Structures are given as C-alpha cells and as structure tokens.
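I have placed the structure first, in the form of structure tokens, so that the comments after it can refer back to it.
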Amino acid sequence: AHRDYQGYLAANGRLRETMFGMLTNPRLRQVIGAFEEQVHFIRLTTLKDGAIRERSIGGNLALIARLEEGDPAKAEEEMRRLLETAQEAALEAALDAALDVGRAAASVSAVGPVAG
C-alpha cells in the first residue's frame, strides 16, 4: 500500500505524527506544527512522482531503522537526507509549475488580443 500515492501520503503523515509526538520539548512541537500545512502541501505536490516517492520511502525506512538502533547521530543524518530530498523535489515542482505558467502565457499571447 505504501507504493501508491494516497496510501503513502497517509502512512507518511502517520509516521510524522508518531515521530514528532515523541518530542518532549513543547516549543519544538509548536514550531514543527506551525509548518505542518506547508509540509503537507509539499508532500501533495512532490510525492505524486513515483521516483521521489521511492526515495522518500527508502529514506523513511532508513530513518526508522536508525531510530530503532538508538543511534541519534545516524538518525539525524537520515533526517537531513530526507529534508534534502524534499527540498530538491519542492524546488523541481515549483520550477515545473513556473514553466507551465510560462507556456500557458506564451500560448495565450500567440493567439493575439482578445476582442472585447
């Protein structure tokens, strides 16, 4: 089920809830929670891509393994990789969206002025 888009979105959300639910620092929980809408939007726009979803799945499985091993340094390293993957995917999605807008604008201007 984690290989499909909707199923993985749900699983990823549950993982984040579980992981951040373990935090004992209330201020850190609040800061993370403040960005949850933006993170959810990024997940919606980037995890549609199967290759990105596979990288995310692999990274999350590695993160879980490091947490289970009780190795905070390696867990931090895995989390940084996941964040880098998310950042790259978000930038790529934003660039694709900008290119789509540019193409749409070019096709409208190629048609000429609209009679009023």
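Note that the coordinates shown come from a computational prediction; the quantities given were computed from them, not determined experimentally.
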(request) Could you identify which residues cluster with Leu95, counting Ile, Leu, Val, Met, Phe, Trp and Tyr as linked when any side-chain heavy atoms lie under 4.5 Å apart, either directly or through a chain of such contacts? (result) Leu99

(message) Which Ile, Leu, Val, Met, Phe, Trp or Tyr residues join Val101 in one cluster when any pair of side-chain heavy atoms under 4.5 Å counts as a link?
(response)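 Members alongside Val101: none; it stands by itself.
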
Between atom [atom1] of [X] and atom [atom2] of [Y], what is the distance when rounded to the nearest 0.5 Å?
| X | Y | atom1 | atom2 | value |
| --- | --- | --- | --- | --- |
| Gln6 | Leu44 | CD | CG | 8.0 Å |
| Arg53 | Asn12 | CZ | CG | 11.5 Å |
| Tyr5 | Arg43 | OH | CZ | 10.0 Å |

(message) How about CZ on Phe20, more than 12 heavy atoms from neighbouring residues, nucleotides or ligands closer than 6.0 Å, or not?
(response)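 Counting neighbours around CZ of Phe20, more than 12 heavy atoms of other residues, nucleotides or ligands fall under 6.0 Å, so yes.
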
(request) Might you confirm whether atom CD of Gln38 has over 12 heavy atoms from other residues, nucleotides or ligands at distances under 6.0 Å? (result)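 Atom CD in Gln38 is packed in, count exceeds 12.
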
(request) Report yes or no: do Met79 and Ile32 belong to one cluster of Ile/Leu/Val/Met/Phe/Trp/Tyr joined by side chain heavy-atom distances under 4.5 Å? (result) yes

(message) Using the rule that Ile, Leu, Val, Met, Phe, Trp and Tyr join whenever any side-chain heavy atoms are under 4.5 Å apart, tell me whether Leu47 and Ile57 fall into a single cluster.
(response)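 Linked, Leu47 and Ile57 end up in one cluster.
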
(message) Restricting to side chain to side chain contact (heavy atoms under 4.5 Å, CB included), what partner residues turn up for Ile42, sequence neighbours left out?
(response) Thr46, Ala90

(request) Check side chain to side chain contact (heavy atoms under 4.5 Å, CB included) between Asp96 and all other residues, then give those that pass, not counting sequence neighbours. (result) Glu92

Show me the donor-acceptor pairs within less than 3.5 Å that the side chains of residues 22-29 make with the rest of the protein, sequence neighbours left out.
{"unit_1": "Asn25", "atom_1": "OD1", "unit_2": "Arg27", "atom_2": "N", "d": "2.9"}
{"unit_1": "Asn25", "atom_1": "OD1", "unit_2": "Leu28", "atom_2": "N", "d": "3.0"}
{"unit_1": "Arg27", "atom_1": "NH1", "unit_2": "Gln30", "atom_2": "OE1", "d": "3.0"}
{"unit_1": "Arg29", "atom_1": "NH2", "unit_2": "Gly21", "atom_2": "O", "d": "2.5"}

Scan the side chains in residues 59-69 for donor-acceptor partners under 3.5 Å anywhere in the protein, sequence neighbours excluded, and list what turns up.
{"unit_1": "Asn60", "atom_1": "ND2", "unit_2": "Tyr8", "atom_2": "OH", "d": "2.7"}
{"unit_1": "Asn60", "atom_1": "ND2", "unit_2": "Ser56", "atom_2": "O", "d": "3.1"}
{"unit_1": "Asn60", "atom_1": "ND2", "unit_2": "Ser56", "atom_2": "OG", "d": "3.4"}
{"unit_1": "Arg66", "atom_1": "NE", "unit_2": "Glu69", "atom_2": "OE1", "d": "3.1"}
{"unit_1": "Arg66", "atom_1": "NH2", "unit_2": "Glu69", "atom_2": "OE2", "d": "3.0"}

(request) Salt-bridge test for Glu76 and Arg81: reply yes if a basic N is under 4.0 Å from a carboxylate O, no otherwise. (result) no

(message) How close do Pro72 and Gly70 get, counting heavy atoms only, and between which atoms?
(response)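 In this case the closest contact between Pro72 and Gly70 is CD-O, 3.1 Å.
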
